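Report on the structure given below.
The shown structure was predicted, so the numbers you read here are calculated from the model rather than taken from an experiment.
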Amino acid sequence: MAERRDVDITMPGMHGRRGGPGGGANRFMPTEKAKDRRGTFRKLLRYYLKEGRVLFLVSGLLIVQTGLSVAAPYLIGRSVDAMSGQAALDAVRFFVLVLIGAYIVGWLIDVTQGVLMNSASQRIVRSLRKSLFDKLQTLPLTYHDARSHGELMSRLTNDVDNISQTIAQSTTQLVSAAITIFGSMTVMLILSPIMTLAVLVTVPLVSLLTFVVATKSRKLFVAQQRELGKLNGIIEETITGQKIVKAFNMESAVISSFTDVNVQLRKAGTGALIWSGLLMPMMNVITNLGFLTVAVVGGYLAATDQITVGVIATFIAYSRQFTMPLNNLAGMFNNLQSALAGAERVFEVLAENDETADLADAVEMSVPKGDVRFEDVTFAYKPGQDVLHNVSFEAQVGKRIALVGETGAGKTTVVNLLSRFYDVTGGAVYIDGVDIRMYKRDSLRRAFSVVLQDTCLFSGSVADNIRYGRPDASMDEVIEAAKVGGAHEFIVRLHDGYDTHVSGGSESLSQGQRQLLAISRAMLCRAPILILDEATSSVDTRTELRIQQAMVRLVEGCTSFIIAHRLSTIRDADLILVMANGQIIERGTHHQLLEQDGHYAKMYRSSVL
């Protein structure tokens with residue numbers, strides 16, 4: 001029998017088309033499996049049911065479309081049988097017109113359900129992505145501290161996109177393939193059980209081929225992913241550290257490393273693609289073998305008047321229509337497994353406990369003054385591992401409190417507790433005489449302006465970043481804050497001034513310039529409590545002096561907490577707290593601590609030498 005590799009008599013959009021989730025090399029890519037598939041599926045189903053009406057309509061269209069697809073081979077067989085009748089031309093014309101009509105209707109249904117399903121899938125994914133992003137905003141900082149940013153971003157992007165592709169593609173194909181297999185088997189059994197067995201001869205061969213190719217190619221795809229990870233690591237490190245690479249003349253070394261890994265990636269990728277590429281040619285051989293089996297058995301049955309020639313034509317069509325969905329189902333199984341694994345990672349985040357809720361009788365901090373008191377505060381990030389031990393001090397309104405000490409002494413933890421990023425383990429923190437746990441969290445945080453050691457800018461203009469804490473601030477207020485914060489001079493030299501676009505990952509601004517913007521942002525907020533965490537750590541001596549002068553105006557009327565390693569920046573503080581091992585070991589003004597000749601005095605002398 002002639003090779004039939006390009007013949008496809010299935011309905012448009014059905015399993016006979018090549019590619020898609022069930023075709024190609026993707027079926028053998030390494031797949032991460034969900035640990036709790038049933039639980040994950042039930043949770044995902046709840047998002048599906050939000051589009052229940054659309055999915056119900058799509059299911060109805062799929063049933064009609066698949067019914068037409070199953071009917072097509074039958075109509076072909078009737079057309080062949082009609083040729084031997086007395087009114088052959090009229091009968092053939094009738095069946096051909098019906099077949100053409102079925103194809104047109106099938107095409108229209110395919111387009112309609114494709115539009116409906118893609119739209120529904122995007123709405124489902126939008127809802128899922130929004131739920132995940134909203135959840136990230138309500139999770140406590142302890143959760144973010146324990147996980148890398150890249151890992152959380154992967155859940156929000158890669159995992160959700162993986163779910164999106166499965167919803168849009170595999171779901172409809174899975175349903176359609178199941179209906180096609182069931183419908184084709186039913187019609188074939190009705191027409192001829194013997195011929196049905198002839199068609200089923202190829203099913204074990206298809207299963208065996210898929211298993212062998214999958215086993216061989218999967219190992220190679222795993223190796224490919226491993227080498228690709230190495231290659232991506234080299235690329236990321238080289239691009240990020242390009243200045244260091246050039247400074248140490250390491251261009252040849254990184255090129256050599258890249259080449260070695262690239263060669264291994266090419267070998268693994270070539271082997272994987274060769275093995276996976278064997279599938280379709282071998283499938284064509286099995287399909288043609290199925291055609292041959294049907295032709296031989298059908299020829300014998302037709303010669304003995306047990307079936308007609310039209311039935312043979314019908315079974316030749318069904319032999320392809322029956323085996324292709326089986327092959328696609330094997331590929332879609334991997335996609336579904338991968339999607340469920342991605343969904344499980346998403347639902348793990350959604351199941352995390354939110355930041356501690358406000359107390360039922362919590363009150364608004366309406367007009368904060370800025371009086372702060374720590375009373376025997378103990379805190380542990382992990383139970384039983386205290387990082388603060390009975391810390392007590394008082395900061396009166398408008399006073400400047402400096403926290404100094406070696407790295408890990410607990411300085412940043414103190415200000416994190418003050419702004420209630422974490423809740424104390426023991427003791428209490430008071431603002432204006434009220435335990436901060438009695439305030440509603442959002443009103444509490446409006447009482448703070450913060451400049452962190454790691455400056456964070458957001459995509460937008462320079463002006464947008466300065467007014468981040470006060471979106472309603474006028475341009476005059478933004479400029480005034482930048483002048484006080486020492487940023488105005490460099491801003492006006494930028495190509496678009498205050499309208500210059502910046503982003504978090506951009507290197508168009510120096511670290512010092514970025515820090516000046518953060519200080520200007522804090523100044524614009526004019527909150528009663530100011531936190532400066534190493535605010536001058538990335539600026540030169542001249543800029544530091546300008547910032548110190550600006551801070552004198554900034555802290556007027558504010559209670560300010562200044563964390564600094566450069567002790568020259570906190571000499572004028574009203575109270576300096578020296579911390580070590582989570583405890584306050586010394587306290588006083590700059591001159592008082594120098595007179596004590598203790599830990600602070602040693603730190604100060606070592607810093608000025």
Side-chain angles (χ1 to χ4, degrees), residues 370-374 377 388 391-419 448-455 484-486 511-512 515-516 518-523 527-609:
D371 185 80
V372 176
R373 178 163 52 93
F374 273 58
V377 170
L388 290 183
V391 173
S392 297
F393 67 88
E394 186 171 356
Q396 298 176 348
V397 176
K399 298 299 183 179
R400 288 170 290 178
I401 311 301
L403 300 169
V404 301
E406 298 176 354
T407 300
K411 306 182 298 295
T412 300
T413 302
V414 168
V415 295
N416 282 340
L417 294 176
L418 177 62
S419 50
F448 295 91
S449 291
V450 180
V451 179
L452 300 177
Q453 181 177 2
D454 297 325
T455 304
V484 177
Q511 183 61 30
Q515 212 153 17
L516 288 172
I519 292 171
S520 301
R521 178 195 296 163
M523 290 182 170
I529 302 176
L530 176 67
I531 296 174
L532 300 172
D533 187 352
E534 292 290 342
T536 61
S537 62
S538 299
V539 297
D540 54 60
T541 305
R542 182 179 177 184
T543 303
E544 179 184 341
L545 179 61
R546 188 163 63 247
I547 292 175
Q548 286 177 332
Q549 295 171 348
M551 285 170 59
V552 172
R553 297 190 295 271
L554 173 63
V555 300
E556 290 179 357
C558 296
T559 305
S560 54
F561 291 83
I562 307 167
I563 298 176
H565 285 108
R566 293 160 71 169
L567 302 186
S568 60
T569 63
I570 49 92
R571 285 179 297 186
D572 296 328
D574 297 300
L575 176 64
I576 298 175
L577 303 176
V578 183
M579 301 193 66
N581 300 318
Q583 294 177 310
I584 298 175
I585 59 174
E586 294 176 5
R587 68 181 71 201
T589 65
H590 173 71
H591 295 293
Q592 290 172 343
L593 292 173
L594 288 181
E595 290 177 358
Q596 293 178 17
D597 197 25
H599 190 78
Y600 177 84
K602 294 178 181 178
M603 292 174 58
Y604 183 75
R605 284 194 291 267
S606 64
S607 68
V608 297
L609 290 178

Salt bridge (charged side-chain N to carboxylate O under 4.0 Å, His left out) pairs, two or more places apart, involving residues 572-583: R400-D574
Qualifying salt bridge (charged side-chain N to carboxylate O under 4.0 Å, His left out) pairs with a residue from residues 406-417, counting only residues at least two apart or across chains: none
From CG (L575) to CZ (F393), nearest 0.5 Å: 8.0 Å
Geometric class of the Y604/H590 ring pair [parallel <30°, tilted 30-60°, perpendicular >60°]: perpendicular
Chi angles and distances behind the side-chain contact (heavy atoms from CB on, under 4.5 Å) call for R605, D597: CA-CA 10 Å; R605 284 194 291 267; D597 197 25; 2.9 Å; yes
Criterion side-chain contact (heavy atoms from CB on, under 4.5 Å) on I401 and V372, from CA distance to verdict: CA-CA 10 Å; I401 311 301; V372 176; over 6 Å; no
Set of residues satisfying side-chain contact (heavy atoms from CB on, under 4.5 Å) with respect to S520, sequence neighbours excluded: I466, A482, A487
A522 to L530 - nearest heavy-atom pair and separation: CB-CD1, 4.1 Å
Shortest non-hydrogen contact from V391 toward F374: O-CB, 3.8 Å
Spacing of L418 atom CG and T413 atom OG1 [to the nearest 0.5 Å]: 12.5 Å
Rounded distance (nearest 0.5 Å) linking atom CD of Q515 with atom CG of L532: 10.0 Å
Counterpart residues, side-chain contact (heavy atoms from CB on, under 4.5 Å), relative to A527 (two or more places apart): S449
Tabulate below the donor-acceptor pairs under 3.5 Å that side-chain atoms of residues 576-588 make, not counting sequence neighbours, or state none.
{"residue": "E586", "atom": "OE1", "partner": "Y600", "partner atom": "N", "Å": "3.2"}
{"residue": "E586", "atom": "OE2", "partner": "H599", "partner atom": "N", "Å": "2.6"}
{"residue": "R587", "atom": "NH1", "partner": "S392", "partner atom": "O", "Å": "3.0"}
{"residue": "R587", "atom": "NH2", "partner": "S392", "partner atom": "O", "Å": "2.9"}

Partner set under side chain to side chain donor-acceptor pair (under 3.5 Å) for S419, not counting sequence neighbours: none
Atom pair CD1 (I570) and CD1 (I563), whose distance is rounded to the nearest 0.5 Å: 12.0 Å
